[in-house]
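Here is the structure we will look at.
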Amino acid sequence: MSDPSPVRPAVPVLDVWCELQCPDCRGALDDVRALRARYGDRLELRLRHFPLEKHKHSFAAAQAAEEALEQGKGWEYVEAVLGRVEELDRRGEPLLVEVARELGLDAEEFDTALIDGRHILIVDADQAEGKAIGVTGTPTYVIGGERLDGGKSQAGLRERIEKIVDGLLAGQD
């Protein structure tokens, strides 16, 4: 007996290379929100980590974002932390746990995750892959095999991404 439900084609994936202590990534949030609103579940936005050495809390923030993803509120957490970039710069890890608590996440689990390093391998792998494909700063987007660098300028990037996504979606029909 065959399954009567049709097989849905895979949705396009937009890799968003981000660093949670980066003011340019905070500036890109409006574009990311607009893309999520426009495409919904027809586009997978995948958070990829590219912590920069010049930001001393970026590696911990990337691990905390992974914990938030595991607890089901990844993008909410990313947006909340990016909204407080300067405070993260001053306060570090205590802010990461505080934001988790404010979002109703298990703050103790966040604290433990930052201590035991359970997400280090994911962050390291993202950073290594980013370097391998030519990511040098954040935000950087990869969709349909094309890399778009938002660190130099965010101007016009959302429109370019939309054009690529629309083309990929049209090819599924």
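Heavy-atom basis, side chains included; hydrogens, waters and symmetry copies ignored. Positions are given from 1 along the sequence.
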Step-by-step side-chain contact (heavy atoms from CB on, under 4.5 Å) determination, Thr140 to Asp149: CA-CA 5 Å; Thr140 296; Asp149 182 1; 3.9 Å; yes
Audit row: Arg38, Asp166, side-chain contact (heavy atoms from CB on, under 4.5 Å) steps and yes/no: CA-CA 11 Å; Arg38 177 174 176 167; Asp166 290 345; 2.9 Å; yes
Residue pair Glu162, Arg158: steps toward the salt bridge (charged side-chain N to carboxylate O under 4.0 Å, His left out) verdict: CA-CA 6 Å; Glu162 288 172 349; Arg158 185 172 77 208; 3.7 Å; yes
Derivation of the side-chain contact (heavy atoms from CB on, under 4.5 Å) call for Leu82 and Cys18: CA-CA 10 Å; Leu82 281 172; Cys18 184; 4.1 Å; yes
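Hydrophobic clustering of Ile, Leu, Val, Met, Phe, Trp and Tyr side chains at less than 4.5 Å, counting indirect connections, keeps Leu69 apart from Val123. Grouping the Ile, Leu, Val, Met, Phe, Trp and Tyr side chains by contacts below 4.5 angstrom, directly or via other members, places Val78 apart from Leu52.
Looking at Pro139 and Leu157, their side chains never come closer than 4.5 Å, going by heavy atoms from C-beta outward. Looking at Val97 and Leu114, their side chains come closer than 4.5 Å, going by heavy atoms from C-beta outward. Inter-residue side-chain proximity for Ile143 and Leu168 is flagged as met; some heavy-atom pair is nearer than 4.5 Å. The shortest distance between side-chain heavy atoms of Leu14 and Val165 does not fall below 4.5 Å. In this structure, the side chains of Leu96 and Leu88 come closer than 4.5 Å at one or more pairs of heavy atoms. Contact check for Leu47 versus Leu45: no side-chain heavy atoms found under the 4.5 Å cut-off. Between Arg118 and Thr112, the closest side-chain pair of non-hydrogen atoms falls below 4.5 Å. At a threshold of 4.5 Å between non-hydrogen side-chain atoms, the residues Glu66 and Leu121 do not count as touching.
Here the shortest heavy-atom pairing between Leu20 and Ala61 reads CD1-O, 3.4 Å. Residue Leu105 comes nearest to Ala68 through the heavy atom pair CD1-CB, 4.1 Å, listed as atom of the first residue, atom of the second, then distance. For the pair His57 and Gln21, the tightest heavy-atom approach, listed with the atom from each and the gap, is N-OE1, 2.9 Å. Here the shortest heavy-atom pairing between Pro51 and Gln127 reads O-NE2, 2.7 Å. In this structure, Leu95 and Glu87 approach most closely via the heavy-atom pair CD1-OE2, 3.5 Å. Annotation for Thr138 and Glu19: closest pair OG1-CB, 3.6 Å, computed over non-hydrogen atoms.
A salt bridge links Glu86 with Arg26; the closest basic N to acidic carboxylate O contact falls under 4.0 Å. Here Arg33 pairs with Asp30 in a salt bridge; the nearest charged N to carboxylate O distance falls below 4.0 Å.
Once rounded to the nearest 0.5 Å, the distance linking CG of Leu103 with CD of Glu98 reads 11.0 Å. Going from atom CG of Asp111 over to atom CG of Asp116 covers 10.0 Å, rounded to the nearest 0.5 Å. Here the straight-line distance linking atom CD of Glu76 with atom NZ of Lys73 works out to 5.0 Å at 0.5 Å rounding. The CD atom of Gln63 lies 8.5 Å from the CG atom of Asp124; values are rounded to the nearest 0.5 Å.
Asp106 meets the side-chain hydrogen bond (donor to acceptor under 3.5 Å, both in side chains) test with no other residue; sequence neighbours excluded. With sequence neighbours left out, Phe110 forms a ring pair (Phe, Tyr, Trp, His ring centres under 6.0 Å) with Tyr77.
Heavy-atom neighbours of Glu53 CD from other residues, nucleotides or ligands within 6.0 Å: at or below the threshold of 12.
Listed by first and then second residue, the ring-ring contact (aromatic ring centres under 6.0 Å, His included) pairs involving residues 14-56 amount to none (not counting sequence neighbours). Residues in residues 125-146 take part in these salt bridge (Lys or Arg N to Asp or Glu O under 4.0 Å) pairs, two or more places apart or across chains: Arg48-Asp126, Arg48-Glu129, Glu146-Arg160. The ring-ring contact (aromatic ring centres under 6.0 Å, His included) pairs that include a residue from residues 117-142 number zero, where partners must be two or more places apart or lie in different chains.
If you chain together ILVMFWY residues whose side-chain heavy atoms come under 4.5 Å of each other, Val13 ends up in a group of its own.
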